[in-house]
Amino acid sequence: MLVLIGIIPAFITTAVVVRSYKKRAVFQRTSNVKSQCDILTNAIMREGYLENPGSEVLNNELMLLSNVYSGRLLIVDSNYRVIKDTYDIDTGKTSVSPEVLSCYITGKGSAYYDNRNAYIEITSPVTDPELEEVKGVLIASVSTNEIAQTVRDLENQAFFLISIVTVFVLVGGFFLSTLLVRPFREVTHAIEDVTDGYLDEAISVPDYTETESIIGAFNNMLARVRALDNSRNEFVSNVSHELKTPLTSMKVLADSLNGMDNVPVELYQEFMADITQEIDRENNIITSLLAMVRMDKKAAPMNFERIEIGGLLERVIKRLRPIAEKRGISILMEKYRPVMADVDEMKLSLAFSNLIENAVKYNRDDGWVSVSLKSDVKYFYVSVEDSGLGIPEDQIDHIFERFYRGDKSHSTTIEGTGLGLAITRSAITLHRGIIKVQSKVDVGTTFMVRIPIEHKE
Ligand SMILES: Nc1ncnc2c1ncn2[C@@H]1O[C@H](COP(=O)(O)OP(=O)(O)OP(=O)(O)O)[C@@H](O)[C@H]1O
Ligand SMILES: [Mg+2]
């Protein structure tokens, strides 16, 4: 198709060029012959050839001209009698053609090109310069075969050239397109392989620079998919493990009770208390898991309401204060003015509850927790600071991961599932907010949250 777009103009151009060449060639031939005829008519007059057509010199010249242009020359006198014919066919005959007549009447010559029969006919008057009277007419018919031949040659050459170019374009285009398409086909194959299961490998199509960036982008995406896949697997195995641990403990406790004879009631009570504790733990894990599922946007859509954030924080603190006071930890609330904001109260309460609960849990006895609320036109800021154990630098990047629990030394004494901060961060992200942490071991930890005041769809 594209080839046609290229070839058609080539043909048109050739036709135009050939035509104008032909026109020019005919015009040139006509004017050449015309000037020769002018010279001849002058000589004819001078020599008195019309009265006495025997002149050797003129006869030779007429023959020469007719040979050079492969044409025929006729001289007609005032009685319309042909007195000379270089072909010697019409000599002595009468010739009354329209051109000859017009020559006598107007005193001017004419030129006429017959395209079909390929000749030019030129009539020139033989004029007596003194009387200004037409005495005779010279008719020259010259063939244009040779011009036609040249035109045909030109056309053939052009056609040949165009054919060659067409073939080149076709072959070149074919090669070029396969050359261009091949890398992309390879990429497609590579992607299909990955889709079919070899998820572990990055795709590579060496030798082609065209597809480098696509492959780069694809491999990045693949890496993300893989990371997601890994975290999902990890999550599933963590969940199973966490859910199994309390069950295992309960089974050990129950089995040992069953294996003993005459168990004292005190031991029964002690073991049963332990079993109850494990049931509570199992319950906590399941509650957290459900809370996490609820943080999934699709599972539970956001329920934005305009509420006062200071009040929300106070309600959370009120719930946690009894637990804190058991260890002599005081919770302080610092706020400046009411902050009204669009939030999902249930989810945000859960988030802050987790933060303040951590601040109490990972605190020293008789420590303190300080909660502050500030705001500007766009955001409100909540910070939860404690005087607790702090988080070692190498753990700080992991604390928001599901099931991650810090330092094993205190994770055995302090209970938890490791889901709290994961839930907190989801809740804050759902509010288009951000959470940051700063911590120093044995000094304390500060969590800072920033959330937009207005919710825009
Ligand atoms: N205020 C804090 N001070 C010191 N360490 C903290 C603090 N908050 C969190 N951490 C560390 O981050 C880890 C993850 O916290 P996260 O709240 O996600 O889980 P958890 O408190 O162990 O369990 P859960 O909250 O599910 O009961 C904790 O185990 C703890 O090591
Ligand atoms: Mg926690």
Side-chain angles (χ1 to χ4, degrees), residues 231 234-235 238-246 277-296 313 316-317 319-321 323-324 326-333 346-372 382-430 434-449:
S231 82
E234 205 179 316
F235 178 65
N238 281 338
V239 169
S240 322
H241 175 79
E242 292 295 326
L243 289 176
K244 268 187 85 171
T245 321
Q277 216 180 349
E278 291 303 324
I279 291 175
D280 285 344
R281 196 167 146 199
E282 184 90 43
N283 207 13
N284 278 340
I285 297 171
I286 293 172
T287 313
S288 295
L289 278 173
L290 286 176
M292 207 168 59
V293 171
R294 257 183 263 121
M295 289 302 159
D296 184 0
L313 288 171
V316 171
I317 292 169
R319 269 206 312 270
L320 292 169
R321 197 161 266 145
I323 306 166
K326 270 188 202 162
R327 291 176 55 210
I329 298 167
S330 52
I331 308 179
L332 317 163
M333 170 83 199
M346 204 277 287
K347 289 184 173 118
L348 206 63
S349 294
L350 196 56
F352 290 133
S353 170
N354 275 325
L355 289 181
I356 300 167
E357 192 199 310
N358 280 352
V360 172
K361 259 200 326 195
Y362 303 102
N363 217 320
R364 57 182 163 81
D365 289 348
D366 304 319
W368 51 263
V369 175
S370 166
V371 180
S372 90
V382 175
S383 78
V384 178
E385 195 178 345
D386 66 50
S387 59
L389 312 170
I391 308 165
E393 225 170 287
D394 58 320
Q395 299 180 7
I396 226 157
D397 287 341
H398 300 288
I399 56 171
F400 292 102
E401 288 167 14
R402 293 159 173 176
F403 294 113
Y404 181 84
R405 299 214 61 215
D407 221 342
K408 298 296 169 211
S409 61
H410 66 71
S411 69
T412 46
T413 50
I414 304 168
E415 296 213 342
T417 59
L419 289 171
L421 285 178
I423 294 169
T424 300
R425 189 166 63 176
S426 301
I428 289 164
T429 319
L430 284 175
I434 53 169
I435 179 166
K436 281 190 202 155
V437 58
Q438 257 171 17
S439 186
K440 203 159 182 184
V441 176
D442 290 336
V443 175
T445 307
T446 309
F447 282 91
M448 289 152 291
V449 175

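Keep in mind it's a predicted model, so treat the numbers as computed, not measured. We use all heavy atoms of the structure for the numbers below, so side chains are in, but hydrogens, waters and symmetry mates are not. Just so you know, ligand 1 is whichever comes first in the structure, and atom 1 is the first atom listed for that ligand.
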Any nitrogen or oxygen of L419 lying under 3.5 Å from a nitrogen or oxygen in ligand 1? Just yes or no. yes
Margin query: Counting only nitrogen or oxygen atoms and a 3.5 angstrom limit, does Y362 reach ligand 1?
Written below: yes
N354 side chain to L421 main-chain N or O, any donor-acceptor pair under 3.5 Å?
no
Checklist entry - Do M292 and L289 pass the side chain to side chain contact (heavy atoms under 4.5 Å, CB included) test, and can you show the C-alpha distance, the side-chain angles, and the key distance before you say yes or no? => result CA-CA 5 Å; M292 207 168 59; L289 278 173; 4.0 Å; yes
- prompt: Is Q395 close to Y404 at the side-chain level, that is, under 4.5 Å between some pair of heavy atoms?
  reply: yes
Here the atoms of ligand 1 under 4.0 Å from any heavy atom belonging to Y404 are 13 (C), 14 (C)
For the pair K361 (side chain) and E415 (backbone), establish whether a donor and an acceptor sit closer than 3.5 Å, ignoring hydrogens and angles.
yes
Check for me whether S288 has a heavy atom closer than 4.0 Å to any atom of ligand 1. no
When you measure from the side chain of S387 to the backbone of W368, do you find a donor-acceptor pair of N or O atoms at a distance under 3.5 Å? yes
Quick note on ligand 1: atoms under 4.0 Å from a heavy atom of G406 include exactly 13 (C), 28 (C), 29 (O), 30 (C), 31 (O)
**Study point:** Any G418 heavy atom less than 4.0 Å from ligand 1
**Key:** yes
If only atom types and distance count, is the side chain of R327 paired as donor or acceptor with the main-chain N or O of N363 below 3.5 Å?
-> yes
_Tell me whether R405 has any N or O atom under 3.5 angstrom from an N or O of ligand 1._
yes
Q) Heavy-atom distance under 4.5 Å between the side chains of I414 and L389, does that happen here? A) yes
Given T429 and I435, is the side chain to side chain contact (heavy atoms under 4.5 Å, CB included) satisfied, shown in steps?
-> CA-CA 8 Å; T429 319; I435 179 166; over 6 Å; no
The option among L421, V360, D386 carrying the non-hydrogen atom nearest to atom 2 (C) of ligand 1 is D386
Nearest non-hydrogen contact to atom 5 (N) of ligand 1 from the set T445, I391, I356, L289 belongs to I391
Per-atom filter on ligand 1: closer than 4.0 angstrom to a heavy atom of G416 are 23 (O), 27 (O)
With side chains defined as the heavy atoms from C-beta onward, is the minimum distance between R402 and N238 less than 4.5 Å? no
Problem - Heteroatom proximity flag, N354 to ligand 1, N/O under 3.5 Å - result: no
Review point. Strictly under 2.8 Å, is any N, O or S atom of T417 next to the Mg ion (ligand 2)?
Key: no
Looking at E242, K361, E415, the heavy atom closest to atom 27 (O) of ligand 1 belongs to K361
